[in-house]
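Step one of this worksheet: look at the structure below.
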Amino acid sequence: MSILAQQAQLTAPPIDYGAVAPLLIILGAACVAVLIEAFLPRHQRWPAQVVLSIVALVAAGLALALYAGNSGPEGITTISDALAVDRPTLFLWGTLLALGLGSILLIADRSVEPGGAFLASAASRAAVGGGGGGVATGGGVGGGDPDPDRGYGSPDQAPTMQTEVFPFTLFALAGMMTFCAANDLLTMFIALEVLSLPLYLMCGLARRRRLLSQEAAVKYFLLGAFASAFFLYGLALLYGYAGSVRFSEIAAASAGSQKSDALLLGGLGLLVVGLMFKASVGPFHTWTPDVYQGAPTPVTAFMGACTKVAAFGGILRVLYVAFGDTRWEWRGVLWAVAIASMVIGAVIGLTQTDVKRMIAYSSVAHAGFLLLGAMSITAAGTSGTLFYLLAYGFTTLAVFGVISLVRGPDGEATHLSQWAGLAKRSPVVAAVMSFLLLALAGIPLTSGFTAKFAVFSAASADGMVPLVVIALIASAVAAFFYVRVIVLMYFSEPAPDGPTVTVPGAFTTAAITLGVLVTLLLGIVPTLALGWAGAGTFVG
Amino acid sequence: MLLLILLLLPLVGAAVVAPMKNNARTAKLVALGFSLVSLVLTIVTWFSYSVAAASSGTRFQLELSVDWIPAFGTHFALGIDGIALVMLALIAVLVPIVMAFSWEERIPEGRSAAGFYSLILATQSLLVGVFAATDVFLFYVFFEAMLVPMYFMIGRFGGPRRQYAAVKFFLYSLLGGLIMLAAVIGLFVVSGEQLGSGTFTWVDLQRMAASVPESTQIWLFLGFFLAFAIKAPLVPFHTWLPDAGAEAPVGAGVLLVGVLDKVGTFGFLRYCLPLFPFASKTLAPLVLTLAVIGILYGALLAVGQTDLKRFVSYTSIAHFGFIALGIFSFSSQAFAGATLYMVNHGISTGMLFIVVGLLITRGGSRLIGDYGGVSTVAPLLAGAFLVAGLSSLALPGTNSFVSEFLVLLGSYPRQPVYTILATVGIIFAALYVLWVYQRTMQGPLRGSAVLGALDTVGGPGTMLDPALSAKRSSGFPDLGRREIAVLTPLIVLILVLGFFPGPVLDVITPSVVATMNEVGLADPVGGLSQ
């Protein structure tokens with residue numbers, strides 16, 4: 001009776017369905033995708049999942065565009081202020097949806113790796129395509145592998161693709177979208193877990209190099225759990241300080257308060273460790289190279305592009321809304337973190353001999369650059385960081401798309417020496433890769449340059465000139481390893497047993513084309529995207 | 001509009017030529033066609049430029065400005081003053097010559113002539129952009145982007161150590177460029193503070209220059225200066241040039257030393273001085289010291305070189321010292337001399353590079369010691385070498401004399417000590433040119449390259465390039481018709497500019513006087529009048 005009485009007092013919070021529609025569509029599609037896994041026969045799953053994912057992403061994108069077109073620049077909070085839907089949120093959602101679409105295309109491709117890059121269960125070495133005498137999926141690709149030691153599929157069966165990866169991707173994407181819209185720390189924590197758990201699993205799904213893939217998954221999981229614990233501890237301290245987990249109330253509590261700042265700064269420190277881990281900012285980056293290398297390349301593309309966007313979206317909002325007024329107290333520490341990240345990424349990146357590890361260290365350096373923008377608590381800093389995320393995400397997506405095409409007899413040829421003389425065998429792939437690497441290096445007329453300029457000019461204007469100079473020197477150092485790949489591809493003689501370049505299927509081609517086009521357009525005519533990124537600030 | 005066409009035409013050419021991999025001859029003809037049309041357009045531009053308007057205070061002419069990225073306050077803005085105009089003319093003249101010279105150049109296996117010609121055209125387009133940009137951001141974009149085609153030219157078509165040279169060139173330039181980017185961003189931020197909203201428009205930035213505090217100016221100046229000093233190159237930022245110059249294919253080397261490096265000295269004159277006048281004056285002694293060291297050190301190393309292409313690179317380093325001396329002496333005569341020097345150096349060193357290239361094609365060796373007595377078998381080639389060399393050492397009657405004399409004359413009143421030291425460099429110049437000429441051209445036939453080329457079964461030369469050794473059996477011919485056609489316009493220019501520099505100086509003068517006003521110094525004694 002008393003419970004009923006209490007329930008009567010609770011009123012459901014009002015929900016602005018229009019604002020959260022994109023999020024709901026993705027979450028709903030993820031649930032439907034689980035049902036597809038459970039009830040559809042094996043051979044129908046792949047087409048159903050692909051269609052569902054793409055339709056969901058496009059529908060979410062349309063809902064987003066509709067809402068963005070009809071709402072003002074000031075932004076709202078909804079579901080009892082748990083989610084903030086403002087212009088930066090909308091920009092990040094749009095970025096995530098577009099990058100998610102590209103990633104789904106890469107993941108869905110079955111022509112590059114016959115049958116797709118994913119294995120049935122993370123634990124087994126064999127048994128793909130075996131379970132329940134499943135019928136081989138169509139598509140006429142691949143064909144059985146004659147080598148039984150290869151460990152997937154029996155010779156008379158075309159290898160199939162495990163389709164769990166699609167609901168994983170959708171759930172992770174929904175988690176990321178919630179993460180960068182979260183308006184309080186608890187929502188943020190739950191979103192963090194929702195986005196992380198599927199990613200841990202996805203890392204272990206690689207069809208080839210099983211051990212490396214499983215090691216990556218375990219490493220990511222253990223370190224990720226550790227980082228979540230840090231985040232949670234920081235949350236607890238901040239709740240103790242402010243009496244609320246909402247960003248705006250933490251900001252209000254710290255403004256003009258006579259309380260000791262120990263809880264505030266301690267909480268912020270622990271919180272930031274958790275966030276920096278996800279964003280792979282050095283020195284919290286140690287998982288990045290192993291996981292980038294071990295995970296199946298389409299998943300790496302998804303992680304490299306989307307996780308970075310979501311994590312920095314979250315960092316931006318936390319620093320801007322909750323800690324914007326106390327920035328003079330924590331900025332010194334983040335200076336050190338940013339310098340460490342840029343130096344680690346650029347210098348250790350020099351010594352890498354594996355393309356995927358190299359890009360991983362490059363992402364650490366880029367995280368340092370992004371942090372520069374995130375630390376400038378100004379409108380220009382926010383819009384610059386948002387633009388950088390968009391530009392970097394698409395370039396990274398396309399880079400991993402290209403990496404997945406260069407293959408030796410035993411899967412992807414990721415060792416640098418195998419890329420020697422690639423330009424002779426496949427000039428188009430080499431040219432695309434060179435362009436993308438130049439974009440990562442920040443050469444003008446690519447999106448990388450525009451993005452760097454936006455972030456660095458915002459940081460300079462906010463009094464971080466020495467940091468900008470260090471960032472530019474780090475860029476020059478990092479350029480060396482990008483250029484080295486170009487040198488290898490163009491100026492070296494190809495190895496006699498070098499890798500072949502697979503003719504990409506329609507999906508991979510579409511994803512790479514998307515990435516390259518965006519990289520080029522944002523380099524030459526960035527005005528529209530810069531306008532979107534700067535359309536409004538965070539809602540308090 | 002004219003400038004936009006001048007910028008886009010070679011780019012279109014590059015795109016058209018690039019796919020013609022299987023038809024080298026058509027590719028070369030089309031590329032040459034594009035470069036000749038560019039030359040005609042440049043001549044039209046030359047006559048569209050009004051000296052009278054420039055004298056009456058119009059800073060830039062043939063202007064075009066379109067909003068590019070409003071969020072950064074950047075414009076796609078083109079426009080030229082007299083200094084930029086003569087540089088555009090230099091590019092337009094050199095590119096067809098480089099193409100004609102490279103006509104029968106051996107392309108490394110697996111590469112196509114179409115690729116090389118396409119890269120030349122791309123470089124031309126970006127160079128036009130660098131000289132014609134009147135927006136600092138746009139300038140920076142072209143400044144960095146022009147690295148890319150040159151990098152591929154060296155790395156794909158160069159000599160045995162091309163990878164090393166290409167990467168060294170790229171990284172040196174990129175480092176300079178990124179430091180300049182810091183200064184570009186700084187300038188944007190400062191302009192935001194001074195003018196209310198950040199801008200990159202050169203004219204606006206120049207107008208606010210006087211109100212920027214000196215300490216800020218010094219930092220920004222250093223950012224720009226470092227990039228230009230690497231590009232120019234000034235000692236001690238020069239070490240990439242001998243490698244890049246030696247390993248680049250001759251055609252690319254001519255563009256590299258002849259035009260690309262001028263971007264550095266042009267940058268001093270267009271960006272460092274007018275935008276940071278206080279800093280320029282404060283730091284001038286530093287730059288002048290580097291310039292004089294460059295003159296003497298470059299000349300000394302040129303004397304000591306054993307490799308012909310490295311020899312040309314080191315003579316250039318000495319010449320760049322003279323240009324920097326002229327620029328940082330702050331007098332309109334020295335400015336005019338330095339600008340004219342840029343043009344003349346492009347012509348004379350370009351020609352020297354080409355003659356050396358002809359010699360290497362015949363002998364198959366880059367070493368000075370492998371040649372001797374060439375004038376007995378190839379008198380025209382030896383003559384061309386002498387003309388280029390004499391122009392390089394600034395013999396009166398050649399073009400370089402006028403510019404070197406103007407630089408020294410203009411520098412002396414303000415900087416007598418530096419000028420006197422620099423004059424010593426002229427003696428070295430005579431030494432290195434004449435000594436190389438004597439060793440390679442005069443006397444009896446000697447040297448393994450010459451003898452090897454004349455004798456089909458001759459012993460192996462030292463440092464023979466295998467790609468070129470196939471040519472050895474053809475003897476050591478004198479200049480062919482195509483080669484004479486390549487060299488003639490250069491010789492004509494050397495002599496014409498030596499005796500009648502007036503028309504060019506007339507174009508330059510109003511712009512250097514304007515630059516003097518922007519620096520805010522009066523001429524020490526009777527400068528050039530408008």
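Atoms considered below: every heavy atom in the structure, side chains included; atoms not considered: hydrogens, waters and symmetry mates. Just so we're clear, the structure is a prediction, and the values are computed from it rather than from any experiment. Below, chains carry the letters A, B, ... as their sequence lines are ordered, and counting in each starts from 1.
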Inset, instruction - Identify which part of A:Ala454 has an atom lying under 4.5 Å from any heavy atom of chain B, answering side chain, backbone, both or neither. - result: both

Inset, instruction - Take the angle between the ring planes of A:His366 and A:Tyr392 and call it parallel below 30°, perpendicular above 60°, tilted in between. - result: tilted

Inset, instruction - Using a heavy-atom cutoff of under 4.5 Å, enumerate the residues of residues 462-469 of chain A that contact chain B, numbered in order, or state 'none'. - result: A:Val469

Legend entry - Largest heavy-atom contact set with chain A, pairs under 4.5 Å, which of B:Ile179, B:Val184, B:Leu147, B:Leu181: B:Leu181

Inset, instruction - Please flag which part of A:Ser492 lies under 4.5 Å from any non-hydrogen atom of chain B: side chain, backbone, both or neither. - result: both

Legend entry - Value rounded to 0.5 Å, distance of CZ in B:Phe221 from CZ in B:Phe224: 11.0 Å

Inset, instruction - Please look at A:Ser383 and chain B and tell me whether the side chain, the backbone, both or neither of the residue comes under 4.5 angstrom of a heavy atom of that chain. - result: neither

Inset, instruction - Show your working on side-chain contact (heavy atoms from CB on, under 4.5 Å) between A:Gln352 and A:Phe481 and close with a plain yes or no. - result: CA-CA 9 Å; A:Gln352 299 306 310; A:Phe481 57 80; over 6 Å; no

Inset, instruction - Go through the atoms of B:Leu171 and report whether side chain, backbone, both or neither lie under 4.5 Å from a heavy atom of chain A. - result: side chain

Legend entry - For B:Leu78, the option from B:Val128, B:Thr134, B:Leu138 that meets side-chain contact (heavy atoms from CB on, under 4.5 Å): B:Leu138

Legend entry - Geometric cation-pi criterion, A:Arg331 with A:Trp335: 6.0 Å, 45°: no

Inset, instruction - Could you check B:Asp135 against B:Phe76 for side-chain contact (heavy atoms from CB on, under 4.5 Å), going step by step and ending with a plain yes or no? - result: CA-CA 7 Å; B:Asp135 180 286; B:Phe76 188 86; over 6 Å; no

Inset, instruction - Might you work through the side-chain contact (heavy atoms from CB on, under 4.5 Å) test for A:Phe491 and B:Phe152, ending with a clear yes or no? - result: CA-CA 9 Å; A:Phe491 307 156; B:Phe152 279 104; 4.0 Å; yes

Inset, instruction - Return yes if some donor-acceptor pair links the side-chain N/O of B:Glu247 with the main-chain N/O of B:Arg161 below 3.5 Å, else return no. - result: yes

Inset, instruction - With a 4.5 angstrom heavy-atom cut-off, could you sort out which part of B:Val190 is near chain A: side chain, backbone, both or neither? - result: neither

Inset, instruction - Give me the one residue out of A:Leu436, A:Leu440, A:Asp354 that meets side-chain contact (heavy atoms from CB on, under 4.5 Å) with A:Ile359. - result: A:Leu440

Inset, instruction - Kindly give the heavy-atom pair with the smallest separation between A:Thr382 and A:Phe538, and that separation in Å. - result: CG2-CE1, 3.5 Å

Inset, instruction - Answer with side chain, backbone, both or neither: which region of B:Phe142 has an atom nearer than 4.5 Å to a non-hydrogen atom of chain A? - result: neither

Legend entry - Side chain, backbone, both or neither of B:Trp219 within contact of chain A (heavy atoms, under 4.5 Å): neither

Inset, instruction - Among the options B:Gly155, B:Pro70, B:Ala182, B:Gly158, pick out the one with the most heavy-atom pairs lying under 4.5 Å from chain A. - result: B:Gly155

Legend entry - Under 4.5 Å from any heavy atom of chain A - which part of B:Ala166: side chain

Legend entry - B:Lys231 charged N/C atom sitting above B:Phe143 aromatic ring, 6.0 Å / 45°: yes

Legend entry - Contact winner vs chain A - B:Phe170, B:Phe188, B:Phe137, heavy-atom pairs under 4.5 Å: B:Phe137

